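Just so it is clear, the structure is predicted and the values come from calculations on it, not from any experiment.
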Amino acid sequence: MGYGSGELIIRSYNAQNDRVRVEGLESICEVGPADKPFLFTDTLGDPICRIKNSPIYNMLVAELGGQLVGVIQGTIKLVTLHKPPKNVAKVGYILGLRVAPAYRRHGIGSRLVTKLEEWFVACDVDYTYMATEKDNEASYKLFVNKLGYVKFRTPAILVNPVNHHRSSQISSNFKLTKLKIEEAESLYRKYLSSTEFFPIDIGNILRNKLSLGTWVSYPKGETWGKVPTSWAMLSVWNSGELFKLRLGNVPISCFMYTKSSQLIQKFLPCFKLPSIPDFFDPFGFYFTYGVYGEGPLYGKLVKSLCNFVHNMASSKPKDCKVIVTEIGGNDTRSKLHIPHRKSMSCSEDLWCIKSLKNEDRKSFHKLTTVPPTRALFVDPREV
């Protein structure tokens, strides 16, 4: 395909030569449908911040006439994927596809994806997958209609704004305990190692400096040494240490309402009105992952853990303005009890998958069409 400005060159990212240019591209590219409020990403001077904590990663850049016009990122890891004859698969994850607005609809995005897939194939990857908003028509057309990806899962993204002026209540009937890393890893491997997309290197995630810890909640009067009658667990990842987000394309009325609510909360706290975080300036967020538990009190215990995380975040006004949790679309019991603002959340994120190996079509069709019977593990390194 001709591009009018010369030959399109796609190559690996070079930090010394490309960092500033990639940051410039990120600053003009929105995340999400352009006709709705969208997010800008501030990588804090490190364009590979979202992938560098993964076991294997790569970034490709597209140049046209000496100008950087597109980027794409990918990671590789081993996960549980229940597809006979084996339960472990090597998967490649695609993220961070950006094309400069003036160069869109010229096939640059598809060329970048194809080149990244070639790298996956060279690394013996079984499947490649990506995530997008269900109403992102451009992304859907590119991956599903043009590149052969198939709808796979529809997890829910739950977003809870942090109120830095008010603490969430935690029931005195429950006890919260922070686990040692070794205890958390053992617990995850025991109870979640059969979930879809559970990372084989879970220990590396828990030991990462961005993982703030793993907590369990259970009824007071019982001990954690002996499995309680009801219990719940989750871990917290500080995404705000890697990159910041900023909201764009928002009506002025929304902006004014946010500023007004903050002024009322600041100068007239006696009214006890809920404060709306300022998303127009760069902000960070906590990501809670590995949500699981058992017993009749599971829902209340999960809520107590989420309230604890909120209180932890409320003491960090510069680091965290929202708490994000992503769970399997069929995990209704967790969704009912995880605090979230419906207007800010996404009930159906869209994961699409593609096989990179010549295998039985019937087997792959079964993988993508049979409803999930287990929970979905969302890796915090890929948020």
Side-chain angles (χ1 to χ4, degrees), residues 1-34 38 40-41 43 47-52 54 56-77 90-133 135-152 350-358 364 382:
M1 178 183 293
Y3 296 95
S5 301
E7 180 186 359
L8 182 71
I9 298 173
I10 297 179
R11 58 172 175 77
S12 293
Y13 166 77
N14 180 292
Q16 183 175 354
N17 299 326
D18 300 328
R19 181 181 62 81
V20 174
R21 295 196 298 167
V22 171
E23 286 185 314
L25 180 63
E26 283 280 358
S27 69
I28 61 173
C29 289
E30 70 279 358
V31 179
F38 50 73
F40 285 109
T41 304
T43 60
I48 62 168
C49 63
R50 293 181 63 198
I51 58 175
K52 67 181 183 181
S54 296
I56 306 174
Y57 59 87
N58 194 9
M59 174 188 270
L60 301 178
V61 299
E63 280 186 322
L64 188 59
Q67 184 174 351
L68 194 143
V69 297
V71 299
I72 193 170
Q73 301 178 37
T75 65
I76 298 174
K77 63 181 178 181
K90 182 181 281 190
V91 296
Y93 180 60
I94 296 175
L95 71 161
L97 175 60
R98 307 277 191 270
V99 176
Y103 293 89
R104 292 173 184 171
R105 297 182 178 85
H106 292 287
I108 295 175
S110 60
R111 286 281 303 277
L112 281 165
V113 175
T114 300
K115 282 293 184 180
L116 190 63
E117 289 178 348
E118 291 175 3
W119 175 66
F120 286 152
V121 170
C123 294
D124 197 34
V125 166
D126 298 297
Y127 305 98
T128 174
Y129 72 108
M130 48 76 68
T132 187
E133 299 85 356
D135 54 356
N136 190 332
E137 186 177 350
S139 181
Y140 185 87
K141 286 182 177 179
L142 172 62
F143 283 93
V144 177
N145 295 351
K146 188 173 183 178
L147 297 174
Y149 284 71
V150 179
K151 292 181 182 180
F152 183 55
L350 179 61
W351 284 21
C352 297
I353 193 170
K354 178 180 179 179
S355 175
L356 294 180
K357 294 184 176 180
N358 294 323
F364 181 65
E382 297 176 351

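Among Ile48, Asp18, Asn14, the one residue that satisfies the side chain to side chain contact (heavy atoms under 4.5 Å, CB included) test with Met59 is Ile48.
To the nearest 0.5 Å, atoms CD1 (Ile10) and OG1 (Thr114) are separated by 8.0 Å. Ile56 CD1 to Lys77 NZ: the interatomic distance, rounded to the nearest 0.5 Å, is 12.0 Å. Rounding to the nearest 0.5 Å gives a distance of 6.5 Å between CG of Asn58 and CG of Leu116. Considering CD of Glu137 and CG of Asn145, their distance stands at 9.0 Å, rounded to 0.5 Å. Summarising the geometry, atom CD1 belonging to Ile9 is positioned 13.5 Å from atom CG belonging to Leu60; distances are rounded to the nearest 0.5 Å. From Tyr149, atom OH reaches atom CD of Glu117 across 3.5 Å, with rounding to the nearest 0.5 Å.
A heavy-atom distance below 4.5 Å is found between the side chains of Leu142 and Leu97. The side-chain heavy atoms of Asp124 and Lys357, taken from C-beta on, include a pair separated by under 4.5 Å. At a threshold of 4.5 Å between non-hydrogen side-chain atoms, the residues Leu8 and Val69 count as touching. The side-chain heavy atoms of Tyr57 and Lys52, taken from C-beta on, include a pair separated by under 4.5 Å.
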Could you walk me through whether Tyr93 and Ile51 satisfy the side chain to side chain contact (heavy atoms under 4.5 Å, CB included) test, starting with their C-alpha distance in whole Å, then the side-chain angles of each, then the deciding distance to 0.1 Å, before giving a yes or no?
CA-CA 10 Å; Tyr93 180 60; Ile51 58 175; over 6 Å; no
I would like to know whether Lys146 and Val113 meet side chain to side chain contact (heavy atoms under 4.5 Å, CB included); could you show each step before the answer?
CA-CA 11 Å; Lys146 188 173 183 178; Val113 175; over 6 Å; no
For the pair Phe143 and Thr132, evaluate side chain to side chain contact (heavy atoms under 4.5 Å, CB included) and give the outcome as yes or no after the intermediate values.
CA-CA 10 Å; Phe143 283 93; Thr132 187; over 6 Å; no
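Minimum heavy-atom separation, Ser355 to Tyr127: CA-CD2, 3.7 Å. Nearest approach of Thr75 to Ser54, heavy atoms of both residues: CG2-OG, 3.4 Å. Glu23 and Pro47 make their closest contact through CG-CG, 4.2 Å (heavy atoms, listed as atom of the first residue, atom of the second, distance). In plain terms, the two heavy atoms of Lys151 and Tyr140 that are nearest each other are CE-OH, 3.2 Å. Closest approach of Val61 and Val22 over heavy atoms only: CG1-CG2, 4.2 Å. Summarising the geometry of Arg98 relative to Leu112, their closest heavy-atom pair is O-CD1, 4.3 Å, with the distance given to 0.1 Å.
Take Phe120 and apply the ring-ring contact (aromatic ring centres under 6.0 Å, His included) test, not counting sequence neighbours, and it matches no residue. Remark: Lys115 pairs with Glu118 by the salt bridge (charged side-chain N to carboxylate O under 4.0 Å, His left out) rule, at least two apart or across chains.
Asp126 places a side-chain N or O within donor-acceptor distance of the main-chain N or O of Lys90, the cut-off being under 3.5 Å. Side-chain atoms of Arg21 do not come within 3.5 Å of backbone N or O of Gln67 as any donor-acceptor pair.
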